[in-house]
Amino acid sequence: MDVLLSPSGGKQHLLLGNEAIVRGALEAGVAFATCYPGTPSSEIPDTLYRLRKSHPDKVKYYFEYSTNEKVALECAAGAAAAGLKTLCTMKHVGLNVAADPLMTLAYVGTNAGMVILSADDPSLFSSQNEQDNRYYARQSGLPMLEPAGPAQAKEMIKYGFDISEQLKTPVLLRTTTRVNHAREAVPFAKLAPVKTKAKFSKAPMQYVTVPAVSRNLHLRLLRIQNQLRGISEQSPFNTISGRGSWGVVTSGVSANYVQDAVADLGAKGKIKVLTLGMSWPLPEKKIARFLKSVKKVLVVEELEPILEEALRAIAQENGIKVPIVGKLKGQVPAKSVDLEPPVFFSRAFEYTPRLVRQAMADCFGLKAAAKPELSLADMPAPPGRPPNLCAGCPHRATYYAVKQLLGDEAIYPSDIGCYTLGLLPPIKAADYLICMGSSVSSAGGFSRATDQKVVSFIGDSTFFHSGITGLVNAVHNNHNFTLVILDNGTTAMTGHQPHPGVNTQAIGDSTTHIPLEPLIRGLGVQHVTTIKPLKVRSSMKAIEEAVAYKGVSVVISQELCPLFARRVAPRTRKPFQVVEAKCKRHMDCINKVACPAMYVESGQAKINAQQCIGCALCAQICPENAILPVRD
Amino acid sequence: MSTQRIVFVGVGGQGNLLASNLLGQAALEAGRHVVVSEIHGMAQRGGVVESAVLLGEATSPIVSNGEADVLVAFEPVEALRLLPKANKDTLVITNTRPLPPFTVAIGMAPYPEPEKSVAYLQKKLKKVVAFDGQDLAEKALNPLSLNMVMLGALFASAKLPIPVKTMKKVIRSQTKKRFVESNLKAFDLGFQAAA
């Protein structure tokens, strides 16, 4: 049996933050869970899905991958209104999608415990921005918890369910990448029994948010916030540790950096630390007492200066004159974090232990003993290793066909998924991207505003997530562009999660498969073609016709993600080789497709047979027909 | 007890996340405080994958520049790329078998000769362990066992507060059954190469 389902407590296990969150939800007796996957949150739903599949007799909760975060939150809201303990998870930008239900769900409240998890991504390891979702707690009036690591995350989600149950209000749990993707020893407690069915008690004057109802509900929310302030003052996660006349206020993963820095600086007895695990509403009285008790305060928080500004307000209200130091106003790091971490507290990028130690030393006049970094000016430059489309990835073939036809002249709005990697040379087929679904809607803007051809790219999962409404808009408003749906039959980027377009039989799920082509025809698109992108010539012909069509045309480029296919529908195709006697070194195979299975040795293009999966794209574009299957 | 900071770096598919996870499990098994951190996501499409294991008192899950005690590189230019994490006392263990990125294949950048990379490491650092780990993985009849080779070399060359037999026990219980024997063989070959 999977250790996460172990019914008894007592032992500790090394868990990923996201696994610890799942264990916490199970220990709380979660009955209903929804999500849209997204790094760094994906292992939470993936673990829930995996456990349900592998242990159908042991798992009591309902789980679904919803089509997007708004849908996930609304579905979860229904279950929580009915009375089931509910978890809803997403990445930080997902909460933007779910912000509409979030704001009014805060008014309506729940009838059972409900935790909404937002996984933020400081330093943008795999996101389009590094927004600070702590603002959503302040915006919605919902309480927020911020764990410092996996073990605390497990405790906090249980605490979150308790508060939620007590006040009938959803609770936000905000993690960051370094919590989701850290591993540490997590002590287990017993699993709680699960209430799997509820009966909804109608109360339209509470649940139907017409203005007259919502006016009262807003007052309800404000009353709950008053109660939450009391809870925050007493919260076991708002703690003061150590002694001293200097103060540090911190929350989230930074609490670890502060704790290590106090030890490394030999500052025990000099610095006391206020850690705000329940970061909204703030324990204002506790903070005021803390501010009064120290001579100087440093605020250690990644991203926006939210605590810092709140501390200044609390100090002003209480007539406390203590200096409060944090972000340096207006200072911007000289380089992006990929090159070097910032050397002061910036609003950009994650913090590091060394940065926090140095800032604490500077603030309090201590000496930080740091080993000098190496001088590496004379280092042989390592070649870039950006992530790349896999060998045999069908997106490469689709991009090749479109680029052969339209070159660099057309505008290529792109979207969020593996195919965004088509940004890089030599493919260069991504010109604009702001969020999921923007490929479809922005294409209308580009095509109206310019006389350029517009071909936008979106993945199948992203299309179901937020491409459909944009496509309806485009048809209705008579826009003129071609949408290419890169249908690889899975949600590849985040780890092959199912979505409505997935062949559910192949993966053994009992969910319902919604094929793309009839859906798109149903939306009113007149010109729809489905192509097999690894057949280059016929694909190019179909794309040419679609692009020539005046109005909205859709090309569904259908071929399984090879990583996914290896699992669900293994095929054996022979790898290819370059027949050197025939090769005249045009280098099209190298220069136009950049397949990771291809390399150049002494001017000769070659194929690594270990990596080649036999997609035959390069064989079809070789002007000398010099690329052939490896003979036995 | 002070903290030992070990950083693993490799290329997507080389299995360094499994190596750091198993080392973390072995540390827990040996009763040591341990924190592991990983970077998932975009890195998996043939990009650089980094993970860290901190053994000892530290609670921070990541290693700052200049502060790694050990760097374990699964690929020679990745050892160079991660060098900002090192200081002059850092032990670097590197596989010397190149895995050139596609930027090299399409002529965007040259690939430094592995011998030159190793020579550079030796110029900057006191302790460098460099060997063809992929060759040993192949000798163990499991080309995917480079991560076990590198773990073996780590145990041979760094003074870890974890008994080798504990590490092997974790490999035995946590890796796929049909690979256990070749994994243990790879671990031993890596250990011998670095001893």
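We name chains A, B, ... by the order of the sequence lines, and we start the count at 1 in each one.
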query = Does B:Phe102 reach the side chain of A:Cys595, with side-chain heavy atoms less than 4.5 Å apart?
reply = no
ask   = Within a strict 4.5 Å, meaning less than it, do heavy atoms of the B:Ser157 and B:Ile93 side chains meet?
value = yes
key: Most contacts with chain A, counted as non-hydrogen pairs under 4.5 angstrom, among B:Ser51, B:Ala109, B:Pro84   = B:Pro84
Winner by heavy-atom pair count (cut-off under 4.5 Å) against chain A, out of B:His33, B:Glu75, B:Glu29 = B:Glu75
Under 4.5 Å from any heavy atom of chain A - which part of [X]:
X: B:Asp89; result: side chain
X: B:Val34; result: both
X: B:Leu28; result: side chain
X: B:Glu78; result: side chain
X: B:Pro143; result: neither

Minimum heavy-atom distance [X]-[Y], with the two atoms named:
X: A:Tyr599; Y: A:Ile607; result: CE2-C, 3.9 Å
X: A:Thr490; Y: A:Gln497; result: OG1-O, 3.6 Å
X: A:Pro353; Y: B:Ile62; result: CG-O, 3.5 Å

request  = Using a cut-off of under 4.5 Å on heavy-atom pairs, state which of A:Arg354, A:Glu373, A:Lys606 scores highest against chain B.
outcome  = A:Arg354
task = Please state whether the side chain, the backbone, both or neither of A:Met379 comes within less than 4.5 Å of a heavy atom of chain B.
result = both
query = Using 30° and 60° as the class limits, which term best fits the ring planes of A:His496 and A:Phe564: parallel, tilted or perpendicular?
reply = parallel
request  = Considering only heavy atoms, give the residues of residues 116-136 of chain B separated from chain A by less than 4.5 Å, sorted numerically, with 'none' for an empty result.
outcome  = B:Tyr120, B:Lys123, B:Lys124, B:Leu125
